[in-house]
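Read through the structure below, which is laid out as structure tokens, and then see the notes.
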Protein chains: 2
Amino acid sequence: MPKLGMEPIRRDALIKAAIIELGQVGSLDVTVARIAKRAGMSSALAYHYFGSKEHMFLAAMRHVLSVYGAEVRGALAVGETPQARIRALVRVSFTGSNFRRDVVAAWLNFYVMAQRNDQAERLLRLYQARLRSNLRHALRPLVGGRAASLADGAAAMIDGVYLHEALGTGEPDGARAARAVETWLDAAISGKAP
Amino acid sequence: MPKLGMEPIRRDALIKAAIIELGQVGSLDVTVARIAKRAGMSSALAYHYFGSKEHMFLAAMRHVLSVYGAEVRGALAVGETPQARIRALVRVSFTGSNFRRDVVAAWLNFYVMAQRNDQAERLLRLYQARLRSNLRHALRPLVGGRAASLADGAAAMIDGVYLHEALGTGEPDGARAARAVETWLDAAISGKAP
DNA sequence: CATTTTGTTGATTGACCAGTCAATAAACAA
DNA sequence: TTGTTTATTGACTGGTCAATCAACAAAATG
């Protein structure tokens, strides 16, 4: 009973199913058939829309990154002062859909994928560059020349907290995670390190 | 032409081959046959000594962790002051065999593995707990009650820098990585954040 | 109505891979 | 010497999975 205009719906369902499956099972055991089943269709249809498993993963990755990017832009637009913008950048990494267990685990798998897939690597690098750039710009009015190294440190810390969360058992606590990063940033901004 | 007493030699060769293979190809495409070939034997022999692919990966993980643990103990024994011990803990994560590209990439795969394998998860958690405990004890004389949260922050930052290195293209620069973490720690120690 | 476009799947294929096993051979023990 | 332990592999199996394809069904188009 085919209905027209299904393509975007199917694509979306597959991408979301891929993220959940990646988070739950890990890239090793994720099969196209499983993803398709979770998305409520046959695996042949998944191939019809994405052509290959790799393309599906890349699409899932782009989706995660684009949602994150949109949330970052939204948060930045609201922040009036440099301090507010920094807080927004940190908070947005640890709130909403970004900090769901599934998504965090999917990120981890994307990192592994990026080690052998050029397109995945480029995507991830682009995200990192943007995050750093945003952090630098927000930090510059506050710390001047130290902005670059502080931005790098903050980016590393965000990734580290993320990584830890991927392995944690308890429910993810975004507020606590954000506080940890902010506590450091406060100390570093007011500190006298180079 | 079998020689006696080969078991430890074979096991060692397989473990090292597994780490290299894991770092170069990623857990998705690592097969027992590839590992065995790199270690200079048939896959049947690999099964003879390890029983399963999973057991081989776990052994590789234990090896990486035990080398790291030994280096940590060595560095701690040398440090006389709390400051020296903290520096030692940070430095040791970014020097020697721990910071080789292969090993860093293998770590990343271990993180993914830990999401679905209980033993791997326990191993990784044990390592994290030890690192935190060491950092806490070294920090306590310097910052008192803030030791716990600073230790958590330092651990996150070490992991984050590690993660970034796994994705980086340039040659790994352990000195720079260590300096980044130390710069933060200096600021945080002298800072007035909670 | 006839044709084209879009959606959909069951069945199939070809490859690969984890794990097993029987067989062989050197070293050692009796 | 005969038997036992240790080392080693080639050949095999059972299963799985990515990817393909032919065929069918509904809507749109003419």
Side-chain angles (χ1 to χ4, degrees), chain A residues 1-22 24-61 106 109-110 112-113 116-120, chain B residues 1-22 24-61 106 109-110 112-113 116-120:
Chain A
M1 53 209 92
K3 289 177 189 174
L4 286 223
M6 289 302 285
E7 173 152 3
I9 295 163
R10 294 302 201 185
R11 288 188 107 97
D12 195 62
L14 282 168
I15 283 172
K16 280 171 183 162
I19 292 167
I20 292 174
E21 206 71 21
L22 259 177
Q24 284 194 351
V25 197
S27 55
L28 250 159
D29 299 318
V30 170
T31 72
V32 174
R34 287 187 68 141
I35 296 173
K37 190 180 176 187
R38 180 181 291 274
M41 69 196 84
S42 74
S43 66
L45 194 52
Y47 279 102
H48 174 64
Y49 282 125
F50 283 103
S52 79
K53 191 181 175 181
E54 200 171 38
H55 279 62
M56 250 180 62
F57 278 157
L58 279 173
M61 195 165 170
N109 281 282
F110 288 147
V112 171
M113 202 192 311
R116 61 192 165 75
N117 182 305
D118 274 5
Q119 279 189 271
Chain B
M1 50 211 89
K3 289 176 188 174
L4 287 222
M6 289 302 285
E7 173 151 4
I9 296 163
R10 294 303 201 185
R11 288 189 107 97
D12 197 62
L14 282 168
I15 283 171
K16 280 170 183 161
I19 292 167
I20 293 175
E21 206 70 21
L22 216 58
Q24 283 194 352
V25 197
S27 55
L28 250 160
D29 298 318
V30 170
T31 73
V32 173
R34 286 186 70 141
I35 297 172
K37 189 180 177 188
R38 181 181 291 273
M41 69 197 85
S42 74
S43 66
L45 195 53
Y47 278 102
H48 174 66
Y49 282 126
F50 283 102
S52 77
K53 191 181 174 180
E54 200 171 36
H55 280 62
M56 252 180 62
F57 278 156
L58 279 172
M61 195 164 169
N109 282 282
F110 288 148
V112 171
M113 203 190 312
R116 59 190 168 77
N117 182 305
D118 276 5
Q119 280 189 270

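What you are looking at is a predicted structure, and each value in this text was computed from that prediction instead of being measured. Residue numbers begin at 1 in each chain, while the letters A, B, ... track the order of the sequences.
Computed from coordinates, the M56(A) CE to dC17(D) P distance equals 14 Å when rounded to whole Å. Rounded to an integer number of Å, the gap from I9(A) CD1 to dT8(C) C1' is 14 Å. The distance between atom CG of L45(A) and atom P of dT9(C), rounded to the nearest whole Å, is 6 Å. Between the CE atom of M6(A) and the C1' atom of dA28(D) there is a distance of 17 Å, rounded to whole Å.
Residues F50(A) and V32(A) have side chains not in contact (no heavy-atom distance under 4.5 Å, counting atoms from C-beta outward).
Checking K16(A), R38(A), K37(A) one by one against E21(A), the side-chain hydrogen bond (donor to acceptor under 3.5 Å, both in side chains) holds for a single residue, R38(A).
The side chain of Y49(B) places no N or O atom within less than 4.0 Å of a non-bridging phosphate oxygen (OP1 or OP2) of dT6(D).
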## Note on the structure
Whether each nucleotide of nucleotides 18-24 of chain D has a protein heavy atom under 4.0 Å at its base (B), only at its sugar-phosphate (S) or at neither (-) is summarised, 5' to 3', as SBBB---

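Summary of helix geometry: the two end axes of the helix from dC1(C)-dG30(D) to dA30(C)-dT1(D), each defined by five base pairs via their C1' atoms, are inclined to each other by 10° (rounded to 10°).
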Quick one: which protein N/O atoms are closer than 3.5 Å to N/O atoms of nucleotides 28-30 of chain C? Pair and distance per line, please.
none

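Remark: nothing in residues 10-21 of chain B comes within less than 4.0 Å of DNA chain C through any heavy atom.
Evaluation of the side-chain contact (heavy atoms from CB on, under 4.5 Å) rule for R116(A) yields M113(A), L28(B), D29(B) as partners, not counting sequence neighbours.
In this structure, a donor-acceptor pair under 3.5 Å is absent between the side chains of R34(B) and Q24(B).
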Show which side-chain atoms of residues 39-48 of chain B pair as donor or acceptor with protein atoms under 3.5 Å away, not counting sequence neighbours.
residue	atom	partner	partner atom	Å
S42(B)	OG	L45(B)	N	3.4

